[in-house]
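Below is one structure, written out as structure tokens; the observations come after it.
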Amino acid sequence: MRNHYCGHLNESLIDQNVILCGWVNRRRDHGGVIFIDLRDREGLAQVVFEPEAAEIFAMAERVRNEYVLRIQGTVRHRPEGTVNPELATGQVEVVCQHIEILNAAETPPFQLDDSNVSEEIRLRYRYIDLRRPEMQARLQLRAKIITLLRHFLDEQGFLDIETPMLTKATPEGARDYLVPSRTHPGQFFALPQSPQLFKQLLMMSGMERYYQVVRCFRDEDLRADRQPEFTQLDIEMSFIDETTIKNVMESMIRRLFKEVLNEDLPNPFPSMSYEESMRRFGTDKPDLRIPLELTDVNDLMADVEFNVFAKPAKDPDGRVAALCVPNGKALSRKQIDDYTGFVGIYGAKGLAYIKVNDITAGRKGLQSPILKFLPDQAIEGILERTKADTGSLIFFGADKAKIVNEALGALRLKIGNDLKLVQKGWKPLWVVDYPMFEWDEKEKRWASLHHPFTAPNVPDIATLEANPKTCLSRAYDMVLNGNEIGGGSIRIHRPDMQSAAFRVLGIGEEEAQEKFGFLLEALQYGCPPHGGIAFGLDRLAMLMSGASSIRDVIAFPKTQTASCLLTSAPSTASQAQLRELHIRLRTQGTPST
RNA sequence: GGAGCAGUAGCUCAGCUGGUUAGAGUACAGCCCUGUCAAGGCUGGGGUCGCGGGUUCGACUCCCGUCUGCUCCGCCA
């Protein structure tokens, strides 16, 4: 049907007869001469229609935007002075000798070259939105990323193995998407939140190295970087420890960035403990491009006569921390008020600050509503530790450590962006030495920080059960520019340790058997030491393409309420369908017949 | 479950402290035009102001509710 892509035309094809297919990007009708920019996946080509060929010219006059055409013509140099340097094919044009309208098109609901169309409209007409070069480039980049990762893993001896989509609900973790069973009345499959247990079973099956580009489902509320269905690069290896898998995965990501973006990532990636990351950045996914850090000042505040600071300073679960912003003095009162409101989102009750007007003038060089509460010793300590200088603005958070970390961690990102302190480039790191458990205040029980199959970093079961609060796990997260792009762990590979982990989590013997009996059983039949990782492919593609939402690297994403504006899914089911599935609706919905 | 922002022409937006005929750009249609590439010129059509209720002599404008989209908190082992 065609022999060249529009976007591939160049001077080497001059005088050749080409056949192009594509969409009318734009038509410029000068009365006596008509130009049509024909667009396909690879780019644009200018097709010229001259009035001498009356029949062809008449057809070109009828053509409108987004018509689908097949054009036959001769490639020639553009006349002197009409070359378009903005266009990859701008040196040449095609003189049309034959035109075929493969399909007419209604006027599009929006203009493809409008970069400011609302997302609602774009999603409703996604098939048109995806024609835009920007979206074409993103999906092409995503395909390139996946292809490269597959090649790498294949080279390294990983097997691509599929796991079930219709599987068993899990008690821990995210809300499951449920699928009713027709053949088992009242019973349900769950769509996988991840193939976690299957990939572990594959290690027990002796597959040694597994990977899968796999869809995962979580029925939780959405964000710019979270969709109800998303794609993981899921990986598992046998007979390895943390060092091996981290090395292999680093190599993979380094090669990915080199080959796709020609970017050199550090070798090795820096590594940081969870504890250090929380202390310095208030988060376990620090954006190392922002040169701001939190500073602990608990000890300086424990004895001050200012309860807002002294109380959390003395609380074992409290934290008083400072965030020093060089040249932050320029921030207006309104901006500081805005930041106070911002940290309020995270539960902070206020945002104290000190302006450093003159670092050499001691107390007199400072300006702050809280100055009167602070003794000289505390002030000196703060200035020294935060490395404050003339012009600095020091923010303070004082509350439960969780609130201070979240509030100042988020403030650090916001100020970093607002003040344009974010450095160019890519800053990957590993975050390691996660706590094994965290206390769930609502449920009054220990919960896995990672998941219940993560190996604890302890010599024996007794140590695990005696120290749930301080026990670290063998988990590791890969973080890039403030995004968690991958996370994994060495897994528990012995049944007694797995049972102990369940016990700490308050999962009783009976429940463990019911929910995870198959896993506990499998562990008894010869399970190799193993571990793995899963990467969020959508997030990776988002970062690498410079998109600000994973929706921009997913062909057909869902909205924040998890609906598809293109197909109007989800929708009601017919009474007949529901009856077959043994389901009766509680609400007086109006199912179609 | 909660907070914020937005919803006016096909699209993107403006519309003052409430005032009688709701505008702009672009798209679209027609006419003119032989070198444009966001082509240009002239003319024209196009609106349940998201939806429902309330206040008022009068509501795009104020109030309440609701729906939709986005951002965020909670949630996401």
Side-chain angles (χ1 to χ4, degrees), chain A residues 25-38 44-52 57 64-66 78-87 89-90 93 95 106-125 128-129 170-176 193-194 196-197 216-228 230 338 341-348 403 406-407 410 413-414 434 436-438 440 442-443 446-454 473 475 484 487 489 501-502 505 507 534 536 548-549 551 558-561 563 565 568:
Chain A
N25 195 61
R26 195 179 294 281
R27 185 181 65 114
R28 289 178 296 280
D29 185 346
H30 287 239
V33 61
I34 296 172
F35 302 100
I36 287 178
D37 291 337
L38 199 64
L44 294 175
Q46 174 165 287
V47 184
V48 189
F49 298 82
E50 290 166 332
E52 290 73 26
F57 193 82
R64 293 294 180 270
N65 281 350
E66 299 309 311
R78 294 195 184 189
E80 187 132 358
T82 65
V83 162
N84 184 356
E86 304 292 310
L87 208 59
T89 62
E93 63 189 11
V95 190
E106 293 294 316
T107 301
F110 57 89
Q111 291 159 257
L112 272 76
D113 58 357
D114 187 346
S115 56
N116 196 29
V117 181
S118 75
E119 199 166 358
E120 197 170 352
I121 298 292
R122 288 173 54 205
L123 291 179
R124 184 152 151 216
Y125 302 96
I128 299 175
D129 184 45
T170 49
E172 299 264 315
R175 195 176 293 117
D176 288 308
Q193 297 175 29
S194 84
Q196 181 61 36
L197 291 176
C216 302
F217 304 85
R218 295 179 188 176
D219 187 5
E220 295 292 346
D221 287 338
L222 276 51
R223 289 285 190 284
D225 63 351
R226 283 175 10 199
Q227 283 275 302
F230 60 100
D338 286 348
F342 176 75
V343 295
I345 296 170
Y346 302 89
I403 290 176
E406 285 175 7
L413 290 182
K414 184 161 179 61
Y434 278 82
M436 185 74 185
F437 306 106
E438 63 182 343
D440 185 330
K442 259 185 286 181
E443 306 269 333
W446 292 106
S448 298
L449 204 72
H450 199 60
H451 58 54
F453 320 107
T454 299
S473 75
E484 183 205 322
S489 62
F502 286 151
L505 291 169
I507 300 175
S548 51
S549 156
R551 292 187 300 275
K558 305 233 176 343
T559 68
Q560 196 160 43
T561 53
S563 60
L565 296 179
S568 301

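Lettering follows sequence order; numbering is per chain, from 1. Quick caveat: nothing in here was measured; it's all calculated off a predicted structure.
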Which part of the nucleic acid does [X] contact within heavy-atom distance under 4.0 Å: base, sugar-phosphate only, or nothing?
{"X": "A:Leu222", "answer": "nothing"}
{"X": "A:Pro452", "answer": "base"}
{"X": "A:Ala224", "answer": "sugar-phosphate"}
{"X": "A:Ser448", "answer": "sugar-phosphate"}
{"X": "A:Glu484", "answer": "nothing"}
{"X": "A:Glu119", "answer": "sugar-phosphate"}
{"X": "A:Leu449", "answer": "sugar-phosphate"}
{"X": "A:Arg175", "answer": "nothing"}
{"X": "A:Asp221", "answer": "base"}
{"X": "A:Pro108", "answer": "nothing"}
{"X": "A:Ser194", "answer": "base"}

Could you tell me which nucleotide pairs with [N] by Watson-Crick or G-U wobble geometry, both distances under 3.5 Å, or answer none if nothing does?
{"N": "B:C28", "value": "B:G44"}
{"N": "B:C76", "value": "none"}
{"N": "B:C62", "value": "B:G54"}
{"N": "B:C70", "value": "B:G4"}

Separation of the [atom1] atoms in [N] and [M], to the nearest angstrom:
{"N": "B:G10", "M": "B:C28", "atom1": "C1'", "value": "8 Å"}
{"N": "B:U68", "M": "B:A22", "atom1": "C1'", "value": "24 Å"}
{"N": "B:C49", "M": "B:C60", "atom1": "C1'", "value": "5 Å"}
{"N": "B:C51", "M": "B:A59", "atom1": "P", "value": "15 Å"}
{"N": "B:C5", "M": "B:C57", "atom1": "P", "value": "31 Å"}
{"N": "B:U34", "M": "B:G41", "atom1": "C1'", "value": "16 Å"}
{"N": "B:A14", "M": "B:U61", "atom1": "P", "value": "16 Å"}
{"N": "B:C62", "M": "B:G1", "atom1": "C1'", "value": "29 Å"}

So, are A:Arg124 and A:Asp129 salt-bridged, with charged N and O less than 4.0 Å apart?
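No.
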For A:Glu119, is there an ion pair with A:Arg551 - N to carboxylate O distance below 4.0 angstrom?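 Yes, A:Arg551 and A:Glu119 are salt-bridged.
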Write down the distance between [atom1] ([X]) and [atom2] ([N]), rounded to a whole number of angstrom.
{"X": "A:Tyr346", "N": "B:C72", "atom1": "OH", "atom2": "P", "answer": "9 Å"}
{"X": "A:Asn84", "N": "B:A39", "atom1": "CG", "atom2": "C1'", "answer": "12 Å"}
{"X": "A:Arg28", "N": "B:U36", "atom1": "CZ", "atom2": "P", "answer": "10 Å"}
{"X": "A:Asp37", "N": "B:G35", "atom1": "CG", "atom2": "C1'", "answer": "13 Å"}
{"X": "A:Asp29", "N": "B:C42", "atom1": "CG", "atom2": "P", "answer": "17 Å"}
{"X": "A:Phe110", "N": "B:U26", "atom1": "CZ", "atom2": "C1'", "answer": "15 Å"}
{"X": "A:Gln111", "N": "B:A9", "atom1": "CD", "atom2": "P", "answer": "15 Å"}
{"X": "A:Ile128", "N": "B:C11", "atom1": "CD1", "atom2": "P", "answer": "12 Å"}

Return the 5'-most residue of the pair A:Arg27, A:Leu123 with respect to RNA chain B, ranking by each residue's nearest nucleotide.
->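 Nearest-nucleotide comparison on RNA chain B picks A:Arg27.
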Notebook entry, point to check: A:Leu565 or A:Glu406: which one's nearest nucleotide on RNA chain B is closer to the 5' end?
Noted result: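 Of the two residues, A:Leu565 wins.
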Is there a donor and acceptor pair, one atom on the side chain of [X] and one on the base of [N], closer than 3.5 Å?
{"X": "A:Arg226", "N": "B:C76", "result": "yes"}
{"X": "A:Arg122", "N": "B:G69", "result": "no"}
{"X": "A:Glu93", "N": "B:G35", "result": "yes"}
{"X": "A:Arg124", "N": "B:U68", "result": "no"}
{"X": "A:Gln46", "N": "B:U36", "result": "yes"}

Among [options], which nucleotide has an atom closest to any side-chain atom of [X]?
{"X": "A:Arg223", "options": "B:C75, B:G35, B:C11", "result": "B:C75"}
{"X": "A:Ser563", "options": "B:G69, B:G35, B:U12", "result": "B:G69"}
{"X": "A:Arg64", "options": "B:G35, B:C13, B:G30", "result": "B:G30"}
{"X": "A:Ala174", "options": "B:C72, B:U12, B:C76", "result": "B:C76"}

Legend entry - Ring geometry between A:Phe453 and A:His451 (parallel below 30°, tilted from 30 to 60°, perpendicular above 60°):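 A:His451 vs A:Phe453 ring planes: tilted.
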Check: Between the side chain of A:Glu406 and the main-chain N/O of A:Tyr346, is any donor-acceptor distance below 3.5 Å?
Finding: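 The answer is no, because no donor-acceptor pair under 3.5 Å joins these two groups.
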A:Glu220 side chain vs A:Arg175 backbone, donor-acceptor pair below 3.5 Å:
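Here the side-chain-to-backbone pair exists.
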Please state whether the phosphate of [N], meaning OP1 or OP2, lies under 4.0 angstrom from any side-chain nitrogen or oxygen of [X].
{"X": "A:Thr107", "N": "B:C11", "value": "no"}
{"X": "A:Asn65", "N": "B:C28", "value": "yes"}
{"X": "A:Ser118", "N": "B:U12", "value": "yes"}

ask   = Do we count A:Phe35 as stacking onto B:U36 if the rule is ring centres under 5.5 Å and planes under 30°?
value =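 Yes; centroid distance and tilt both under limits.
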With the criterion set at under 5.5 Å between ring centres and under 30 degrees between planes, would B:G40 be stacked on A:His30?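 Stacking is absent between B:G40 and A:His30, given that the ring centres and planes do not meet under 5.5 Å and under 30°.
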Q.
How long is the straight-line distance from CG of A:Leu197 back to OG1 of A:Thr170, given to the nearest 0.5 Å?
A.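 The OG1 atom of A:Thr170 sits 8.0 Å away from the CG atom of A:Leu197.
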* A:Asp225 side, atom CG; A:Phe230 side, atom CZ - distance, nearest 0.5 Å ->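 So the gap between those two atoms works out to 11.0 Å.
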